[in-house]
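Values in this document were obtained by computation on a predicted structure and should not be read as measured data. One is the number of the first residue; the rest follow in order along the sequence.
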Amino acid sequence: MPAPVAPLPFAPDAVIFDMDGLMLDSERAINACMAQAARELGHDIPDTLWLQMIGGGDGLCRRLVAGRIGEAAADELLERSEVLYDAVANAGIDHRPGIVDLLEWLVARNLPRAVATSTRRPLAMRKLQAAGLLPYFDAVCTSSDVARPKPAPDVYLLAARTLDLAPSRCLVLEDSPTGVRAALAAGMTPIQVPDLLSPDAATRALGHRIAPSLEVVVPMLQAALVAVEHGRPD
């Protein structure tokens, strides 16, 4: 039985969402496309390499693949996997459990919502649109919009500026350790909802909240809002 998640220390003024692995079941799709491209091109690449890419940007993915098979072969593999993945993304990637209920709850309470993703803007917008999630968000911030990808805080700080809110007033939902580090560096409060990667000791040592699923987030937010309504400081 998972350990209970600590209550939120405040009622946030906005919720900022990662995209891949948090809202969309895309990490499995990405990994499958990478593995298929590797097989088609005759490369023997262990599944553990794909897991190392979770939460990182394009630069990290390319460095990891090139370190295994060389620069030219990496370019070919990534180009092929992008073609495969585009077809999956355009068809609409499955939602992670609980995301629509959470977004509907936030919309009903007029709590601002933003996306902060390591994906490039054109692909991010296509994926959100195809999955039917784009209309839920007031802002979408991507790796195309900032100088440094996660774990740098840039994309989260941009999301807060776009919403015109202080970072300290923002709750972040993330699946990866890389994203959690980015949110903490931005001065935000993250909740990690792991997908393919279970938090290791180093990740748990960051001291953030770790939830078993998005379904527990609504009760946490409800409790935080009730505390404010009853006059307890947030």
All side chain to side chain donor-acceptor pair (under 3.5 Å) counterparts of Gln36, not counting sequence neighbours:
Glu40
State which residues pass side chain to side chain donor-acceptor pair (under 3.5 Å) with Thr203; sequence neighbours excluded, sorted by chain then number.
Asp200
Measure across Pro167 and Ala186 and return the closest heavy-atom pair with its distance rounded to 0.1 Å.
CB-O, 3.2 Å
Sort out for me which residue in Thr117, Leu133, Leu103 forms a side-chain contact (heavy atoms from CB on, under 4.5 Å) with Phe17.
Leu103
Between the side chain of Arg169 and the main-chain N/O of Ala160, is any donor-acceptor distance below 3.5 Å?
no
Hey, what do you get for CD1 (Ile93) to CD1 (Ile30), rounding to the nearest 0.5 Å?
6.5 Å
Taking only residues two or more places apart in sequence or in another chain, which ones pass salt bridge (charged side-chain N to carboxylate O under 4.0 Å, His left out) with Glu76?
none
Considering residues at least two apart in sequence or located in another chain, which fulfil the side chain to side chain contact (heavy atoms under 4.5 Å, CB included) criterion with Val146?
Asp154, Val155, Leu158
Student check: side-chain heavy atoms of Leu123 and Glu82 closer than 4.5 Å:
no
In the structure I gave you, are the side-chain heavy atoms of Pro212 and Val5 within less than 4.5 Å of one another anywhere?
yes
Side-chain heavy-atom pair Cys141, Arg161 within 4.5 angstrom cut-off
no
How would you list all residue pairs meeting ring pair (Phe, Tyr, Trp, His ring centres under 6.0 Å) that involve residues 92-117, not counting sequence neighbours?
none
How long is the gap from CD1 on Ile210 to CD1 on Ile191, to the nearest 0.5 Å?
11.0 Å
Output, in order, the C-alpha distance, side-chain angles, deciding distance and verdict of side-chain contact (heavy atoms from CB on, under 4.5 Å) for Asp44 and Ile69.
CA-CA 9 Å; Asp44 183 17; Ile69 62 176; over 6 Å; no
Treat each ILVMFWY residue as a node, draw an edge where side-chain heavy atoms are under 4.5 Å apart, and state whether Met23 and Leu171 are in one component.
yes
On a heavy-atom basis, the closest approach of Leu221 and Leu8 is CD2-CD1, 3.9 Å
Taking the side chain as every heavy atom from C-beta outward, state whether Pro12 and Met188 have any atom pair closer than 4.5 Å.
no
Heavy-atom closest contact (Leu111 atom, Ala14 atom, distance)
CD2-N, 4.4 Å
Under the criterion side-chain contact (heavy atoms from CB on, under 4.5 Å), I'd like the reasoning laid out for Val15 against Val217: C-alpha separation, chi angles, the key distance, then a yes or no.
CA-CA 11 Å; Val15 182; Val217 176; over 6 Å; no
Within one Ile-Leu-Val-Met-Phe-Trp-Tyr cluster: Ile16 and Phe137, side-chain cutoff 4.5 Å:
no
Find the distance between CG (Leu60) and CD (Gln52) and round it off to the nearest 0.5 Å.
8.5 Å
Can you list everything that forms a side chain to side chain contact (heavy atoms under 4.5 Å, CB included) with Asp195? Sequence neighbours excluded, please.
Asp25, Glu27, Arg28, Arg96, Asp175
With sequence neighbours excluded, what pairs up with Asp101 under the salt bridge (charged side-chain N to carboxylate O under 4.0 Å, His left out) test?
none
Under the side chain to side chain contact (heavy atoms under 4.5 Å, CB included) test, which residues partner Ala35, sequence neighbours left out?
Arg39, Trp50
Salt bridge (charged side-chain N to carboxylate O under 4.0 Å, His left out) partners for Asp75, two or more places apart:
Arg62
Apply side-chain contact (heavy atoms from CB on, under 4.5 Å) to residues Tyr85 and Met34 and explain how you reach the verdict.
CA-CA 8 Å; Tyr85 186 59; Met34 290 280 215; over 6 Å; no
Output all residues satisfying side chain to side chain contact (heavy atoms under 4.5 Å, CB included) with Val107, sequence neighbours left out; order by chain, then residue number.
Arg113, Tyr136
Would a single hydrophobic cluster contain both Leu134 and Leu102, if residues Ile, Leu, Val, Met, Phe, Trp and Tyr are joined by side-chain heavy-atom contacts under 4.5 Å?
yes
Where is the tightest heavy-atom contact between Cys33 and Leu84, given as atom of each residue plus distance?
O-CD1, 3.6 Å
Judged by atom type as modelled, is there a donor-acceptor pair below 3.5 Å linking the side chain of Asn90 to the main-chain atoms of Ala87?
no
Mind checking side chain to side chain donor-acceptor pair (under 3.5 Å) for Ser143 and listing every partner two or more places apart, or none if nothing turns up?
none
Membership question, hydrophobic clusters at under 4.5 Å side-chain separation (ILVMFWY): are Leu173 and Leu184 in the same one?
no
Could you measure the distance from the CG atom of Leu106 to the CG atom of Asp138? Nearest 0.5 Å is fine.
10.0 Å
Which heavy atom of Ala183 sits nearest a heavy atom of Pro190, and at what distance?
CB-CB, 3.9 Å
Report yes if some heavy atom in the side chain of Val216 is under 4.5 Å from a heavy atom in the side chain of Val193; otherwise report no.
no
Value for CZ (Arg80) from CG (Leu41), rounded to nearest 0.5 Å, stands at 8.0 Å
So do the side chains of Asn31 and Asp47 get within less than 4.5 Å of each other, counting heavy atoms only?
no
Before giving the answer on side-chain contact (heavy atoms from CB on, under 4.5 Å), spell out for Arg209 and Thr189 the whole-Å C-alpha distance, their side-chain angles and the decisive distance to 0.1 Å.
CA-CA 9 Å; Arg209 290 161 180 77; Thr189 298; 4.2 Å; yes
Out of His208, Arg204, Glu174, which residue meets the side chain to side chain donor-acceptor pair (under 3.5 Å) rule with Gln192?
His208
If two hydrophobic side chains count as joined below 4.5 Å and joins carry through other members, does Phe10 share a cluster with Tyr156?
no
Ignoring hydrogens, what is the shortest heavy-atom contact between Ala6 and Met220? Give both atom names and the distance.
O-CE, 3.5 Å
When rounded to the nearest 0.5 angstrom, what distance separates NZ in Lys127 from OG1 in Thr119?
4.0 Å
Going by the rule side chain to side chain donor-acceptor pair (under 3.5 Å), which residues pair with Glu215 if we only count those two or more places apart in sequence or in a different chain?
Ser213
Side-chain touch Val172/Asp18, heavy atoms, less than 4.5 angstrom
no
